[in-house]
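Each ligand, and each atom within it, is numbered from 1 in the order the structure gives.
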Amino acid sequence: MQEAIRKLLERDAGEREFQQAVREVLGTVAPFLARLPQPVAQGLLERIVEPERVVSFRVPWVDDRGRTCVNRGFLVEMNNALGPFKGGLRFHPSVTQSILKFLAFQQVFKNALTGLPLGGGAGGADFDPKGKSDAEVMRFCTAFMQELYRHVGPRVDIPGGDIGVGAREIGYLFGAYRRLANRFEGALTGKGLAWGGSLFRAEAAGYGCVYFASELLASRGLGLEGQVCLVSGSGNVAQHTAEQLIRSGARVVTLSDSSGHIYDRDGIDGEKLAFVKHLKNVRRGRIREYVEKYPSAVYVPVDPSLDHHPIWSHRADLAFPCATENEIGEQDAYRLINHPIKLVCEAANMPCTPEAVQIFAGKHILFAPGKAANAGGVAVSGLELVQNSMRLSWQGEEIDARLKLLMKGIYRTCLEAAEAYGCPGDLLRGANLAAFEKVANAMLDQGVA
Ligand code: NDP
């Protein structure tokens, strides 16, 4: 199988993140493929790794000093066998076609796990919103939508937020879409509540992760109460993961951004988290400012010369990586298993390297794979689209109840697939097999398309 995957990916040489995501999924689906005649399986694999469409475009805009800036925008439409393309938009200087293909590929399977009729995609630009004025972010979003609006729409492709794209950016993007398309419709998710958004959309990925983790812990007779938790990141997913952990009685002791992390031995409580939310979402400051406000905490800046990320060195029971891909590597995994950590829940997309995942598996650490654990974000985006079509808004309690049920359902789906395919308890394989089976069967039903 490894040789077959290598051959499949020859055309994508240099796309490191995409190759990693493809290997992770295809490396686990042999038991499903074995049920198909060989030529059918081969054709399926060739189609599934090839995006339906990749659009790459110039995004020219003018900064506050009157200078012309040019960024590179992308839209990757990976697979729409189950429904319109749906994924996140990422604005970050590290964005490349490889990163967006990895996100789009993962999204295909994540969306399949939710049971909603959604295909998978991703988009974004190598634009950095950090340090830009609101006016600059608006001009960039307007220029980005100048191309994007030709490709998106409620029946075609419905992007939402990801790193660097939050409520402010979705607002500017939606305003530009509405003017360019001359239509008010659910072409984006994460919209403001007054103009088509859904309650709980912002909270969904983080809360959903904690609901998933809680199911997994319960399988070993454990709960969240009193557990010491490491949370990385301080953006949307980190804030809401931390919020739900605090509500569940856990003690969150870390948060981070790309410059460093804070460690608060006393625990980050509701009041401290409210400070972080204001710092990050309104003042758009840096996490090091936390220690100016709460001096008993410590700040550790990023040290690029290290072979590990010191945030994972603090002793804890549970780890929730919520920042970005590959933030837990081999050396971090060794430190985590020495605590010993009881559970690693991937709240970000692909935050653990394949080496780290193997180390956790070797020690039977409870492991929640991102495509299942963080699917609450896209699930509530799906509910936002349903509300848009029905032209109504559900109450917060109703959406939270649906989110809890969805996460329980995803957990059960992964568990049952793992059982059925002979790898009981392996949620990563279970998630990949259940999702792959669903997407593959839809593709096979629809012929060579
Ligand atoms: P945000 O932009 O809101 O926050 C990202 C956080 O991660 C920030 O604290 C950021 O720090 C930090 N970060 C970003 N890049 C790096 C890096 N290269 N090294 C270290 N820290 C970094 O993004 P989200 O919270 O929305 O997304 C976080 C993760 O969750 C991503 O993997 C995303 O794909 C995934 N995800 C997001 C969903 C959503 O609905 N938003 C849904 C499901 C998954 P800084 O401020 O310094 O950049």
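- Taking the six-membered ring for Trp, Trp61 and Phe127 have ring centres closer than 6.0 Å.
- Within ligand 1, counting atoms from 1 as listed, the ones closer than 4.0 Å to a heavy atom of Ala205 are 42 (C).
- The two residues Leu224 and Leu217 come nearest to each other via the heavy atoms CD2-CD1, 3.6 Å.
- With hydrogens left out, the protein atom closest to atom 46 (O) of ligand 1 is Arg286 NH1, 3.5 Å, a heavy atom.
- Among protein heavy atoms, atom 31 (C) of ligand 1 sits closest to Ala323 O, 3.4 Å.
- In terms of protein heavy-atom proximity, atom 33 (C) of ligand 1 is closest to Asp162 OD1, 3.1 Å.
- Residue contact check for ligand 1: Cys322 places a non-hydrogen atom closer than 4.0 Å to it.
- Looking at ligand 1, you won't find any N or O of Ser259 less than 3.5 Å from one of its N or O atoms.
- Taking every heavy atom of His92 and a limit of under 4.0 angstrom, the matching atoms of ligand 1 come to 15 (N).
- Residue Gly233 places a heavy atom less than 4.0 Å from ligand 1.
- A salt bridge does not link Asp157 to Lys86: none of the charged nitrogens lies less than 4.0 Å from a carboxylate oxygen.
- From the protein, the heavy atom lying nearest to atom 4 (O) of ligand 1 is Gly235 CA, 3.3 Å.
- Each of the following atoms of ligand 1 lies closer than 4.0 Å to a heavy atom of Ser256: 9 (O).
- The nearest heavy-atom contact from the protein to atom 40 (O) of ligand 1 is Arg201 NH2, 2.8 Å.
- Residue contacts with ligand 1: Gly164 is included, with a non-hydrogen atom under 4.0 Å away.
- Any N or O atom pair closer than 3.5 Å counts here, and Asn349 shares at least one such pair with ligand 1.
- The nearest heavy-atom contact from the protein to atom 22 (C) of ligand 1 is Ser258 CB, 4.0 Å.
- Close approach of ligand 1 to Ser234 is summarised as follows: ligand atoms under 4.0 Å from at least one heavy atom of the residue are 9 (O).
- Between Ala348 and ligand 1, no N or O atom pair is found at a separation short of 3.5 Å.
- Annotation: Glu325 places no N or O atom under 3.5 Å from an N or O atom of ligand 1; distance criterion only.
- Close approach to Lys130 involves these atoms of ligand 1, each under 4.0 Å from a residue heavy atom: 45 (P), 47 (O), 48 (O).
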Under 3.5 Å, side-chain donor or acceptor atoms of residues 49-57 against the rest of the protein: list the pairs with distances, not counting sequence neighbours.
from	atom 1	to	atom 2	distance (Å)
Arg53	NH1	Glu77	OE1	2.5

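- Remark: aromatic rings of Phe144 and Tyr149 are distant, center separation not under 6.0 Å.
- Checking Lys293, Arg251, Lys272 one by one against Asp264, the salt bridge (Lys or Arg N to Asp or Glu O under 4.0 Å) holds for a single residue, Lys272.
- Nearest protein heavy-atom contact of atom 16 (C) of ligand 1 is Thr324 CG2, 3.7 Å.
- Contact atoms of ligand 1 toward Arg90: 31 (C), 32 (O), 33 (C), 34 (O) (distance under 4.0 Å to a heavy atom of the residue).
- Closest to atom 23 (O) of ligand 1 among all protein heavy atoms lies Ile163 CA, 3.4 Å.
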